[in-house]
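First up is the structure itself, then whatever we jot down about it.
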2 protein chains.
Amino acid sequence: MKSEKAYKRSRQRESILGVLRNTSTHPTASWIYDQLKDDYPGLSLGTVYRNLNILLEMGKIQKLQFGSTFDRFDGNIHPHYHFICEECGSIYDMDMDMDAQIIHSVETMSGHSVRNYRFEFYGICSRCKNKAEN
Amino acid sequence: MKSEKAYKRSRQRESILGVLRNTSTHPTASWIYDQLKDDYPGLSLGTVYRNLNILLEMGKIQKLQFGSTFDRFDGNIHPHYHFICEECGSIYDMDMDMDAQIIHSVETMSGHSVRNYRFEFYGICSRCKNKAEN
DNA sequence: GTTCATGCAAATCGTTTGCACAATG
DNA sequence: CATTGTGCAAACGATTTGCATGAAC
(Lines give C-alpha, C1' and ligand atoms only; values in the text may rest on other atoms or scores of the structure.)
Protein backbone atom coordinates (compact mmCIF):
# COMPACT_ATOMS: atom_id res chain seq x y z
CA MET A 1 0.00 0.00 0.00
CA LYS A 2 2.75 2.42 0.79
CA SER A 3 3.78 4.32 -2.28
CA GLU A 4 6.62 6.24 -0.69
CA LYS A 5 9.83 6.07 -2.60
CA ALA A 6 12.79 4.66 -0.76
CA TYR A 7 15.88 6.16 -2.24
CA LYS A 8 19.08 4.23 -1.91
CA ARG A 9 22.35 6.04 -1.89
CA SER A 10 24.57 5.93 -4.91
CA ARG A 11 28.02 7.23 -5.49
CA GLN A 12 26.99 8.67 -8.82
CA ARG A 13 24.08 10.62 -7.42
CA GLU A 14 26.18 12.11 -4.66
CA SER A 15 28.85 13.12 -7.11
CA ILE A 16 26.30 14.76 -9.37
CA LEU A 17 24.99 16.79 -6.46
CA GLY A 18 28.56 17.61 -5.53
CA VAL A 19 29.33 18.94 -8.99
CA LEU A 20 26.17 21.03 -8.91
CA ARG A 21 27.01 22.50 -5.54
CA ASN A 22 30.55 23.35 -6.48
CA THR A 23 29.76 25.43 -9.50
CA SER A 24 27.80 28.55 -10.15
CA THR A 25 27.51 27.95 -13.86
CA HIS A 26 24.04 26.37 -13.95
CA PRO A 27 25.33 23.47 -15.98
CA THR A 28 23.57 21.26 -18.46
CA ALA A 29 23.22 17.53 -17.98
CA SER A 30 25.95 16.75 -20.46
CA TRP A 31 28.38 19.17 -18.86
CA ILE A 32 27.89 17.37 -15.58
CA TYR A 33 28.43 14.13 -17.42
CA ASP A 34 31.72 15.41 -18.84
CA GLN A 35 32.91 16.44 -15.39
CA LEU A 36 32.32 12.97 -13.98
CA LYS A 37 33.38 10.84 -16.91
CA ASP A 38 36.95 10.68 -15.60
CA ASP A 39 35.91 9.49 -12.15
CA TYR A 40 33.35 7.05 -13.51
CA PRO A 41 34.65 5.64 -16.77
CA GLY A 42 31.45 3.74 -17.46
CA LEU A 43 29.07 6.52 -16.56
CA SER A 44 26.16 6.99 -18.91
CA LEU A 45 24.21 10.11 -19.74
CA GLY A 46 21.00 8.28 -18.91
CA THR A 47 22.20 7.88 -15.35
CA VAL A 48 22.91 11.58 -15.09
CA TYR A 49 19.43 12.43 -16.31
CA ARG A 50 17.82 9.89 -14.03
CA ASN A 51 19.64 11.24 -11.03
CA LEU A 52 18.94 14.85 -11.87
CA ASN A 53 15.26 14.00 -11.90
CA ILE A 54 15.55 12.19 -8.60
CA LEU A 55 17.44 15.10 -7.02
CA LEU A 56 14.68 17.30 -8.31
CA GLU A 57 12.06 15.09 -6.67
CA MET A 58 14.05 15.22 -3.47
CA GLY A 59 14.01 19.00 -3.72
CA LYS A 60 17.78 19.22 -3.62
CA ILE A 61 18.18 20.96 -6.93
CA GLN A 62 16.28 23.26 -9.19
CA LYS A 63 15.66 23.02 -12.88
CA LEU A 64 15.36 26.05 -15.10
CA GLN A 65 13.09 25.62 -18.10
CA PHE A 66 10.57 23.40 -16.46
CA GLY A 67 6.97 23.11 -17.49
CA SER A 68 5.83 21.70 -20.75
CA THR A 69 8.16 20.49 -23.42
CA PHE A 70 6.58 22.55 -26.14
CA ASP A 71 7.53 26.01 -27.20
CA ARG A 72 4.61 28.38 -27.08
CA PHE A 73 4.17 31.31 -29.39
CA ASP A 74 2.72 34.69 -28.67
CA GLY A 75 1.45 37.29 -31.13
CA ASN A 76 2.03 39.98 -28.54
CA ILE A 77 5.62 41.13 -28.81
CA HIS A 78 5.57 43.50 -25.85
CA PRO A 79 7.22 42.01 -22.79
CA HIS A 80 4.60 41.11 -20.25
CA TYR A 81 4.05 38.85 -17.29
CA HIS A 82 2.72 35.38 -17.80
CA PHE A 83 0.84 33.17 -15.45
CA ILE A 84 1.13 29.46 -16.18
CA CYS A 85 -1.40 27.11 -14.63
CA GLU A 86 0.23 23.91 -13.42
CA GLU A 87 -3.12 22.16 -13.50
CA CYS A 88 -4.49 22.82 -16.97
CA GLY A 89 -1.42 24.23 -18.69
CA SER A 90 -3.11 27.48 -19.71
CA ILE A 91 -0.92 30.50 -20.11
CA TYR A 92 -2.46 33.83 -19.16
CA ASP A 93 -1.19 37.26 -20.03
CA MET A 94 -0.95 39.42 -16.95
CA ASP A 95 -1.87 42.97 -17.61
CA MET A 96 0.51 44.84 -15.35
CA ASP A 97 2.91 47.70 -15.61
CA MET A 98 6.39 46.38 -15.99
CA ASP A 99 8.43 47.67 -13.16
CA ALA A 100 11.20 49.71 -14.72
CA GLN A 101 12.56 50.15 -11.24
CA ILE A 102 13.46 46.49 -10.97
CA ILE A 103 15.31 46.51 -14.25
CA HIS A 104 17.20 49.58 -13.22
CA SER A 105 18.30 48.08 -9.94
CA VAL A 106 19.37 44.87 -11.65
CA GLU A 107 21.56 46.89 -13.95
CA THR A 108 23.14 49.03 -11.28
CA MET A 109 23.88 46.23 -8.87
CA SER A 110 25.25 43.79 -11.43
CA GLY A 111 26.78 45.93 -14.12
CA HIS A 112 24.95 43.92 -16.78
CA SER A 113 22.81 45.52 -19.46
CA VAL A 114 19.23 44.30 -19.60
CA ARG A 115 17.75 44.08 -23.05
CA ASN A 116 14.82 41.82 -22.36
CA TYR A 117 13.17 40.03 -19.51
CA ARG A 118 10.65 37.40 -18.76
CA PHE A 119 8.57 37.17 -15.63
CA GLU A 120 6.53 34.09 -15.07
CA PHE A 121 4.30 32.98 -12.28
CA TYR A 122 3.31 29.38 -11.76
CA GLY A 123 0.36 28.15 -9.79
CA ILE A 124 -3.30 27.26 -10.03
CA CYS A 125 -5.53 29.47 -12.12
CA SER A 126 -8.87 30.76 -10.95
CA ARG A 127 -10.76 28.49 -13.33
CA CYS A 128 -9.12 25.36 -11.95
CA LYS A 129 -9.63 26.55 -8.40
CA ASN A 130 -13.34 26.91 -9.06
CA LYS A 131 -13.53 23.45 -10.57
CA ALA A 132 -11.86 22.00 -7.49
CA GLU A 133 -14.49 23.57 -5.25
CA ASN A 134 -17.40 21.81 -6.90
CA MET B 1 27.62 41.45 -50.93
CA LYS B 2 24.28 42.28 -49.45
CA SER B 3 23.30 39.74 -46.86
CA GLU B 4 19.87 41.18 -46.13
CA LYS B 5 17.11 38.65 -46.27
CA ALA B 6 14.38 39.36 -48.78
CA TYR B 7 11.23 37.76 -47.52
CA LYS B 8 8.58 36.92 -50.04
CA ARG B 9 4.98 36.87 -48.99
CA SER B 10 3.27 33.58 -48.54
CA ARG B 11 -0.31 32.72 -47.81
CA GLN B 12 0.75 30.21 -45.21
CA ARG B 13 2.89 32.67 -43.29
CA GLU B 14 0.16 35.26 -43.22
CA SER B 15 -2.35 32.72 -42.02
CA ILE B 16 -0.03 31.57 -39.26
CA LEU B 17 0.37 35.13 -38.07
CA GLY B 18 -3.38 35.53 -38.30
CA VAL B 19 -4.02 32.52 -36.12
CA LEU B 20 -1.53 33.79 -33.59
CA ARG B 21 -3.13 37.21 -33.47
CA ASN B 22 -6.62 35.86 -33.06
CA THR B 23 -6.00 33.75 -30.03
CA SER B 24 -4.83 34.41 -26.52
CA THR B 25 -3.92 30.82 -25.83
CA HIS B 26 -0.18 30.99 -26.59
CA PRO B 27 -0.44 28.00 -28.87
CA THR B 28 2.14 25.41 -29.77
CA ALA B 29 3.34 24.87 -33.31
CA SER B 30 1.23 21.80 -33.78
CA TRP B 31 -1.92 23.49 -32.52
CA ILE B 32 -1.43 26.15 -35.15
CA TYR B 33 -0.89 23.40 -37.66
CA ASP B 34 -4.18 21.78 -36.67
CA GLN B 35 -6.02 25.07 -37.07
CA LEU B 36 -4.76 25.53 -40.61
CA LYS B 37 -4.89 21.97 -41.86
CA ASP B 38 -8.46 22.46 -43.12
CA ASP B 39 -7.60 25.55 -45.13
CA TYR B 40 -4.35 24.09 -46.44
CA PRO B 41 -4.85 20.38 -46.95
CA GLY B 42 -1.22 19.80 -47.87
CA LEU B 43 0.27 21.91 -45.10
CA SER B 44 3.26 20.42 -43.33
CA LEU B 45 4.47 20.92 -39.80
CA GLY B 46 7.89 21.82 -41.14
CA THR B 47 6.38 24.81 -42.90
CA VAL B 48 4.74 25.96 -39.70
CA TYR B 49 8.03 25.76 -37.84
CA ARG B 50 9.93 27.49 -40.62
CA ASN B 51 7.46 30.33 -40.68
CA LEU B 52 7.36 30.70 -36.94
CA ASN B 53 11.10 31.18 -36.99
CA ILE B 54 10.85 33.70 -39.79
CA LEU B 55 8.12 35.62 -37.97
CA LEU B 56 10.40 35.60 -34.96
CA GLU B 57 13.27 37.03 -37.03
CA MET B 58 10.92 39.68 -38.32
CA GLY B 59 10.04 40.52 -34.74
CA LYS B 60 6.35 39.92 -35.31
CA ILE B 61 5.93 37.23 -32.71
CA GLN B 62 7.47 36.13 -29.46
CA LYS B 63 8.56 32.69 -28.41
CA LEU B 64 8.23 31.39 -24.88
CA GLN B 65 10.73 28.63 -24.53
CA PHE B 66 10.04 25.94 -22.04
CA GLY B 67 11.90 22.91 -23.09
CA SER B 68 13.53 22.22 -26.40
CA THR B 69 17.12 23.30 -26.17
CA PHE B 70 18.63 22.21 -22.94
CA ASP B 71 17.67 22.31 -19.36
CA ARG B 72 20.02 23.92 -16.90
CA PHE B 73 20.30 22.78 -13.33
CA ASP B 74 20.89 24.79 -10.23
CA GLY B 75 22.07 23.62 -6.82
CA ASN B 76 20.40 26.67 -5.24
CA ILE B 77 16.78 25.79 -4.55
CA HIS B 78 15.67 29.21 -3.35
CA PRO B 79 13.78 31.14 -6.01
CA HIS B 80 15.94 33.91 -7.30
CA TYR B 81 16.38 36.14 -10.30
CA HIS B 82 18.57 35.03 -13.14
CA PHE B 83 20.46 37.07 -15.63
CA ILE B 84 21.22 35.32 -18.90
CA CYS B 85 23.90 36.76 -21.15
CA GLU B 86 22.91 36.62 -24.78
CA GLU B 87 26.54 36.90 -25.81
CA CYS B 88 28.31 34.18 -23.85
CA GLY B 89 25.37 32.19 -22.52
CA SER B 90 26.36 32.55 -18.88
CA ILE B 91 23.64 32.46 -16.30
CA TYR B 92 24.14 34.64 -13.25
CA ASP B 93 22.27 34.47 -10.01
CA MET B 94 20.94 37.86 -9.03
CA ASP B 95 21.07 38.45 -5.35
CA MET B 96 17.92 40.46 -4.76
CA ASP B 97 14.98 40.43 -2.43
CA MET B 98 12.05 38.86 -4.16
CA ASP B 99 9.27 41.33 -4.23
CA ALA B 100 6.41 39.74 -2.33
CA GLN B 101 4.38 42.76 -3.28
CA ILE B 102 4.38 41.79 -6.93
CA ILE B 103 3.19 38.29 -6.19
CA HIS B 104 0.45 39.62 -4.01
CA SER B 105 -0.80 41.99 -6.66
CA VAL B 106 -0.72 39.28 -9.29
CA GLU B 107 -2.91 37.14 -7.08
CA THR B 108 -5.41 39.83 -6.24
CA MET B 109 -5.85 41.13 -9.75
CA SER B 110 -6.09 37.76 -11.45
CA GLY B 111 -7.61 35.44 -8.87
CA HIS B 112 -4.92 32.86 -9.57
CA SER B 113 -2.79 31.31 -6.82
CA VAL B 114 0.94 31.72 -7.24
CA ARG B 115 3.02 28.80 -6.08
CA ASN B 116 6.23 29.55 -7.85
CA TYR B 117 7.76 32.12 -10.11
CA ARG B 118 10.68 32.72 -12.33
CA PHE B 119 12.17 36.07 -13.20
CA GLU B 120 14.76 36.24 -15.88
CA PHE B 121 16.63 39.09 -17.41
CA TYR B 122 18.36 38.86 -20.76
CA GLY B 123 21.10 41.10 -22.02
CA ILE B 124 24.85 41.55 -22.13
CA CYS B 125 26.81 40.76 -19.02
CA SER B 126 29.48 43.02 -17.61
CA ARG B 127 32.26 40.66 -18.63
CA CYS B 128 31.19 40.68 -22.27
CA LYS B 129 30.74 44.44 -22.20
CA ASN B 130 34.31 44.85 -21.01
CA LYS B 131 35.59 42.57 -23.73
CA ALA B 132 33.78 44.62 -26.33
CA GLU B 133 35.51 47.78 -25.13
CA ASN B 134 39.02 46.47 -25.75
C1' DG C 1 14.58 33.50 -64.36
C1' DT C 2 16.34 34.06 -59.81
C1' DT C 3 15.06 33.77 -55.23
C1' DC C 4 12.37 32.29 -51.62
C1' DA C 5 8.65 29.05 -49.80
C1' DT C 6 6.46 24.50 -49.72
C1' DG C 7 5.69 19.53 -48.83
C1' DC C 8 7.53 15.43 -47.76
C1' DA C 9 10.52 12.46 -45.32
C1' DA C 10 14.60 11.68 -43.12
C1' DA C 11 17.74 13.52 -39.78
C1' DT C 12 18.87 15.80 -35.36
C1' DC C 13 19.19 16.39 -30.58
C1' DG C 14 18.08 16.52 -25.80
C1' DT C 15 15.86 13.43 -22.91
C1' DT C 16 13.51 9.07 -21.46
C1' DT C 17 12.99 4.14 -21.07
C1' DG C 18 13.38 -1.16 -21.27
C1' DC C 19 16.32 -4.54 -20.05
C1' DA C 20 19.77 -7.47 -17.74
C1' DC C 21 23.07 -6.97 -14.23
C1' DA C 22 25.21 -4.76 -10.07
C1' DA C 23 24.82 -2.36 -5.69
C1' DT C 24 22.21 -1.05 -1.55
C1' DG C 25 19.84 -1.87 2.78
C1' DC D 1 16.26 -11.10 -1.08
C1' DA D 2 13.66 -7.33 -2.26
C1' DT D 3 14.39 -3.03 -4.05
C1' DT D 4 16.70 0.59 -6.26
C1' DG D 5 20.51 2.11 -9.27
C1' DT D 6 23.54 1.38 -13.40
C1' DG D 7 25.10 1.02 -18.25
C1' DC D 8 23.88 0.34 -22.67
C1' DA D 9 21.20 1.02 -26.59
C1' DA D 10 16.95 1.79 -28.50
C1' DA D 11 12.94 4.78 -28.35
C1' DC D 12 10.82 9.24 -28.07
C1' DG D 13 9.06 13.73 -29.36
C1' DA D 14 9.68 18.34 -30.70
C1' DT D 15 12.14 20.73 -34.07
C1' DT D 16 15.21 21.13 -38.17
C1' DT D 17 16.87 20.19 -42.70
C1' DG D 18 17.86 18.33 -47.65
C1' DC D 19 15.76 17.99 -51.78
C1' DA D 20 12.76 18.54 -55.74
C1' DT D 21 8.81 21.25 -56.95
C1' DG D 22 5.94 25.48 -56.85
C1' DA D 23 5.01 30.45 -55.98
C1' DA D 24 6.62 35.32 -55.68
C1' DC D 25 8.71 39.20 -57.66
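We name chains A, B, ... by the order of the sequence lines, and we start the count at 1 in each one.
- Between K60(B) and R13(B), every side-chain heavy-atom pair lies at or beyond the 4.5 Å cut-off.
- Summarising the geometry, the separation between CD on E14(A) and C1' on dA23(C) is reported as 13 Å, rounded to the nearest angstrom.
- A heavy atom closer than 4.0 Å to some atom of DNA chain D occurs in G42(A), L43(A), S44(A), these being the qualifying members of residues 37-46 of chain A.
- The shortest side-chain heavy-atom distance between D34(B) and K37(B) falls under the 4.5 Å cut-off.
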* Please test Y33(B) against T47(B) for side chain to side chain contact (heavy atoms under 4.5 Å, CB included), starting from the C-alpha separation and ending with a verdict. => CA-CA 9 Å; Y33(B) 170 72; T47(B) 297; over 6 Å; no

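- Rounded to a whole Å, the CG atom of L36(A) is 16 Å from the C1' atom of dG5(D).
- Listed by chain and number, the residues in a side-chain hydrogen bond (donor to acceptor under 3.5 Å, both in side chains) with D39(A) amount to none (sequence neighbours excluded).
- Ring orientation note: the planes of F119(B) and F121(A) are nearly perpendicular, at an angle over 60° on the 30°/60° scale.
- Listed in residue order, the members of residues 50-58 of chain A having a heavy atom less than 4.0 Å from DNA chain C are R50(A), N53(A).
- Applying the side chain to side chain contact (heavy atoms under 4.5 Å, CB included) test to R11(A) and every residue at least two apart in sequence or in another chain returns Y40(A).
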* Asked: Under the side chain to side chain contact (heavy atoms under 4.5 Å, CB included) criterion, do L52(B) and L20(B) qualify, and how do the steps go?
  -> CA-CA 10 Å; L52(B) 286 170; L20(B) 226 24; 3.9 Å; yes

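- Rounding to whole angstrom units, OH of residue Y49(B) and P of dT12(C) are separated by 18 Å.
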* Using a cut-off of 4.0 Å between protein heavy atoms and nucleotide atoms, how would you tag nucleotides 20-25 of chain D 5' to 3' with B, S and -? -> ----BS

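- A distance of 5.5 Å separates NE2 in H112(A) from CE in M94(B), rounded to the nearest 0.5 Å.
- By the side chain to side chain contact (heavy atoms under 4.5 Å, CB included) test, N53(A) pairs with L56(A), K63(A), sequence neighbours left out.
- Each of dC4(C), dG7(D), dG7(C) was ranked by its minimum atom distance to the side chain of A6(B); first place goes to dC4(C).
- Between S110(B) and S126(A), the shortest heavy-atom contact is O-OG, 4.0 Å.
- In this entry the distance linking OH of Y33(A) with P of dT6(D) reads 14 Å, nearest Å.
- Between C125(B) and Y92(B) the shortest side-chain heavy-atom distance falls below 4.5 Å.
- Put simply, Q12(A) has no side-chain N or O that comes within less than 4.0 Å of OP1 or OP2 on dA23(C).
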